[in-house]
Number of protein chains: 2
Amino acid sequence: MNNRSKILEVALDLFAMRGYDGVGVQEIVEGAGITKPTLYHYFGSKRGLLDSLLQEKFGLFNKIIKKSALYNHDLPLTINNLVESYFQFAKENSRFYRMKLSLFFAPPMSEASKAVDGFIKEQYKIIESLFIKASKDYGNMKGRHRSYAATLLGTINTYIRLSLEGEVDLNQELVRRVAHQFMHGIYS
Amino acid sequence: MNNRSKILEVALDLFAMRGYDGVGVQEIVEGAGITKPTLYHYFGSKRGLLDSLLQEKFGLFNKIIKKSALYNHDLPLTINNLVESYFQFAKENSRFYRMKLSLFFAPPMSEASKAVDGFIKEQYKIIESLFIKASKDYGNMKGRHRSYAATLLGTINTYIRLSLEGEVDLNQELVRRVAHQFMHGIYS
DNA sequence: GGAGCAGTATACCACTCGGTATATAAGGTG
DNA sequence: CACCTTATATACCGAGTGGTATACTGCTCC
């Protein structure tokens, strides 16, 4: 593995476990077996390193989500696919998802929060646009797209967090349950 | 206000907005209009300051939650009361709840996560014990207490976060909806 | 009135922080 | 070969970190 990838790898590990502010540049370069000028050569700054890390991971992630959220005039099925994609991605990228969760809930003025804000908003837009399209078939959704997107994402994150703690297994049955529970929430 | 309270006040503000790791001791004492030895006189260390802050706030918080979670053989009603208490507390202590959320999702090996861990576990136990008691009346809950507690708390936190972003209002109608949605989740 | 103690400030500590000036080595290109 | 670019290391920077040694003040209690 080249040095750039190695740095990203080590940074993800450390940020996920101890947080962006809790990890120093020195520790990252030691973990990667290189020196600081190498890191600054590739990423320019600590923040630049975080940005590159988020760019690479969210690039793939949001592409997957976008594909799953394509509306096919069957909302329950689309929700099911969406939940499944989230669970699948979280299973395959558990360290990244751990970091994503802590960044999502990071204090609003923290450096880390600013870095992740755009990517999170992108995910919101993807899910919102699903509900906007669906509202042509399902009439009773007026003005609630944002809140639907937020609660769906909230529910998904709750279960992914539980799985990171080893409390649940993100299997097909859970996908079905989460999707069903969410759809029921809309109609109640 | 005495200096001790002033320090706690300023620390809560700063930690909630920029995170424990993102705020230096110097900044806290400047905000409180005192000097470092005063802070170290009262709290011994930066971590001691965080511990005292959490102790004071969670002391009150968990007492309220414990009272609301007393089981009266009517689970839907108890859930309703519990959700209402969380919402009420979050409304009256929005800065603290903002900090609580970021600490709850803080990376597992971070200093802040260690500090909050015990208090969060206490909340979990309160809610778990509610479901354990209820399971004598409602048979189909075997072994799921932990997962019920986690998903209820997860749903509550999702809506409180939305309210902190100004997206929803934590009113009685929302309390009812959240409680209903959760109960439906149990029986599905 | 003197002793002791809580509370506070000045001035400092060693260390770590993010970041950089400079040099060197390797590899491709004219 | 000379030259440029990329990639890397040594050694350093000023500023900020959490934390403290010391001294002074004012209050309480014998």
Side-chain angles (χ1 to χ4, degrees), chain A residues 1-56 99 102-103 106-107 109-117, chain B residues 1-56 99 102-103 106-107 109-117:
Chain A
M1 199 188 314
N2 64 29
N3 282 336
R4 185 175 185 279
S5 306
K6 184 79 186 159
I7 293 169
L8 287 169
E9 197 72 16
V10 171
L12 175 56
D13 272 341
L14 291 172
F15 291 164
M17 294 310 281
R18 304 223 314 284
Y20 176 75
D21 285 326
V23 175
V25 173
Q26 189 62 43
E27 197 174 352
I28 296 170
V29 301
E30 279 166 13
I34 49 106
T35 56
K36 276 205 274 186
T38 301
L39 186 151
Y40 281 88
H41 169 69
Y42 286 116
F43 304 105
S45 67
K46 187 188 179 188
R47 170 64 187 273
L49 168 58
L50 177 60
D51 287 338
S52 297
L53 188 52
L54 293 176
Q55 189 70 58
E56 298 211 353
M99 183 176 78
S102 73
L103 294 179
M109 299 300 183
S110 65
E111 203 55 26
S113 166
K114 289 173 198 160
V116 84
D117 191 55
Chain B
M1 199 186 315
N2 63 29
N3 281 337
R4 186 174 184 280
S5 305
K6 184 79 186 159
I7 293 168
L8 287 169
E9 196 72 17
V10 171
L12 175 57
D13 272 341
L14 292 172
F15 290 163
M17 293 310 282
R18 304 222 315 282
Y20 176 76
D21 285 326
V23 175
V25 174
Q26 190 63 43
E27 197 175 351
I28 296 171
V29 302
E30 278 166 14
I34 49 108
T35 57
K36 276 204 274 185
T38 301
L39 187 151
Y40 281 87
H41 170 70
Y42 287 115
F43 304 106
S45 66
K46 187 189 179 188
R47 170 63 188 274
L49 168 59
L50 178 60
D51 287 338
S52 297
L53 187 52
L54 293 176
Q55 189 70 55
E56 299 212 352
M99 183 176 77
S102 73
L103 294 180
M109 300 299 182
S110 64
E111 201 57 24
S113 166
K114 289 173 198 160
V116 85
D117 191 54

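Here is the naming used below: chain letters follow the sequence lines, and residue numbers restart at 1 for every chain.
The span of DNA chain D lying next to chain B, judged by atoms under 4.0 Å from heavy atoms, is bounded 5' to 3' by D:dT17 to D:dA21.
Annotation: side chain of A:L103 is in contact with side chain of A:L54 (closest heavy-atom distance under 4.5 Å). Counting only heavy atoms from C-beta outward, the side chains of B:M99 and B:Y20 never approach each other to under 4.5 Å.
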**Study point:** side-chain contact (heavy atoms from CB on, under 4.5 Å) evaluation trace for B:I28 with B:L49
**Key:** CA-CA 11 Å; B:I28 296 171; B:L49 168 59; 3.9 Å; yes
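At C:dT10, none of the side-chain N or O atoms of B:T35 fall inside 4.0 Å of OP1 or OP2 (strictly under the cut-off). Regarding contacts with the backbone of C:dG7, every side-chain N or O of B:N3 stays at 4.0 angstrom or more from both OP1 and OP2.
From A:S110, atom OG reaches atom CG of A:D21 across 6.5 Å, with rounding to the nearest 0.5 Å.
A search for side-chain hydrogen bond (donor to acceptor under 3.5 Å, both in side chains) contacts involving B:E27 returns B:R18, not counting sequence neighbours. For B:D51, the side-chain hydrogen bond (donor to acceptor under 3.5 Å, both in side chains) partners two or more places apart in sequence, or in a different chain, are B:R47.
The side chain to side chain donor-acceptor pair (under 3.5 Å) pairs that include a residue from residues 33-44 of chain B number zero, where partners must be two or more places apart or lie in different chains.
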**Study point:** Per-nucleotide protein contact string for nucleotides 13-25 of chain C (B base, S sugar-phosphate only, - none; heavy atom under 4.0 Å)
**Key:** ----SBBBB----
Only distances under 3.5 Å count here; give the side-chain donor-acceptor pairs of residues 5-12 of chain A to other protein atoms, sequence neighbours excluded, each with its distance to 0.1 Å.
{"unit_1": "A:S5", "atom_1": "OG", "unit_2": "A:N2", "atom_2": "OD1", "d": "2.8"}
{"unit_1": "A:E9", "atom_1": "OE2", "unit_2": "A:R95", "atom_2": "NH2", "d": "3.1"}

